[in-house]
Amino acid sequence: VQLQASGGGLVQTGDSLRLSCAASGRTFSSYGMGWFRQAPGKEREFVASIDWSGRFTYYADSVKGRFTVSRDNAKNTVYLQMNSLKPEDTAVYYCAAGSVLSRDARNFASWGQGTQVTVSS
């Protein structure tokens, strides 16, 4: 599956953004999907993931209550709604597809190109 992330931008503290990740291929609905991020000088970290059905999700503690992951299998798209953004959310955000619901990047075989999110203070 090929993935294309979009929706990043420059916002202020407290603002919201919605990231989208469009997938190619007819088997999108069978994949668990994840969002990860990487800030400059830091390692990539898990943000959120969702199972194939959309019923089960995982979140990093740092985003729980502020971010919501969802998917529309009819549109082959997964979303990350980000509210109450903070400067520490600044990073390149990547979407990924894997065979299971997971927090571990090693379980995701396909990755999108990333979209930059910058939150100014």
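Keep in mind that this is a model prediction, so the values were computed, not measured.
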| Does the side chain of Y93 pick up a donor-acceptor pair with the side chain of R37 at under 3.5 Å? |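 Short answer, yes.
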| query | Is the closest side-chain donor-acceptor distance between S6 and Q4 under 3.5 Å? | reply |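 Side chains of S6 and Q4: no pair found under 3.5 Å.
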Student check: side-chain heavy atoms of [X] and [Y] closer than 4.5 Å:
| X | Y | result |
| --- | --- | --- |
| D104 | F46 | no |
| F67 | V47 | yes |
| L85 | Q12 | no |
| V117 | L17 | yes |

What is the minimum heavy-atom distance between [X] and [Y], and which atoms define it?
| X | Y | result |
| --- | --- | --- |
| L3 | A23 | CD2-CB, 3.6 Å |
| V11 | S16 | CG1-O, 4.4 Å |
| D72 | Y79 | CB-CE1, 4.1 Å |

| said: Strictly distance-based, threshold 3.5 Å: is any side-chain N or O of T77 a donor or acceptor partner for the main-chain N or O of K75? | reply: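 Checking the backbone N and O of K75 against the side chain of T77, a donor-acceptor pair under 3.5 Å is found.
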| task | Could you give me the CA-CA distance, side-chain angles and deciding distance for D89 and K86, then say whether salt bridge (Lys or Arg N to Asp or Glu O under 4.0 Å) is met? | result | CA-CA 5 Å; D89 295 318; K86 305 175 181 180; over 6 Å; no
| message | Quick test of your reading: applying disulfide bond (SG atoms under 2.5 Å apart), list the pairs with at least one residue in residues 20-101, sequence neighbours left out, ordered by first then second residue. | response |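 Passing the test, one end in residues 20-101: C21-C95.
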| said: Checking R44 now: which residues fulfil side-chain contact (heavy atoms from CB on, under 4.5 Å) with it, not counting sequence neighbours? | reply: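 So R44 forms a side-chain contact (heavy atoms from CB on, under 4.5 Å) with F36, Q38, A105, W111.
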| Cation over ring, R71 on F28, under 6.0 Å and within 45°? |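 Flagged: R71 positioned over aromatic ring of F28.
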| task | Applying side chain to side chain donor-acceptor pair (under 3.5 Å) between N107 and each of S102, S49, S99, report the one that passes. | result |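 The single option meeting the side chain to side chain donor-acceptor pair (under 3.5 Å) with N107 is S102.
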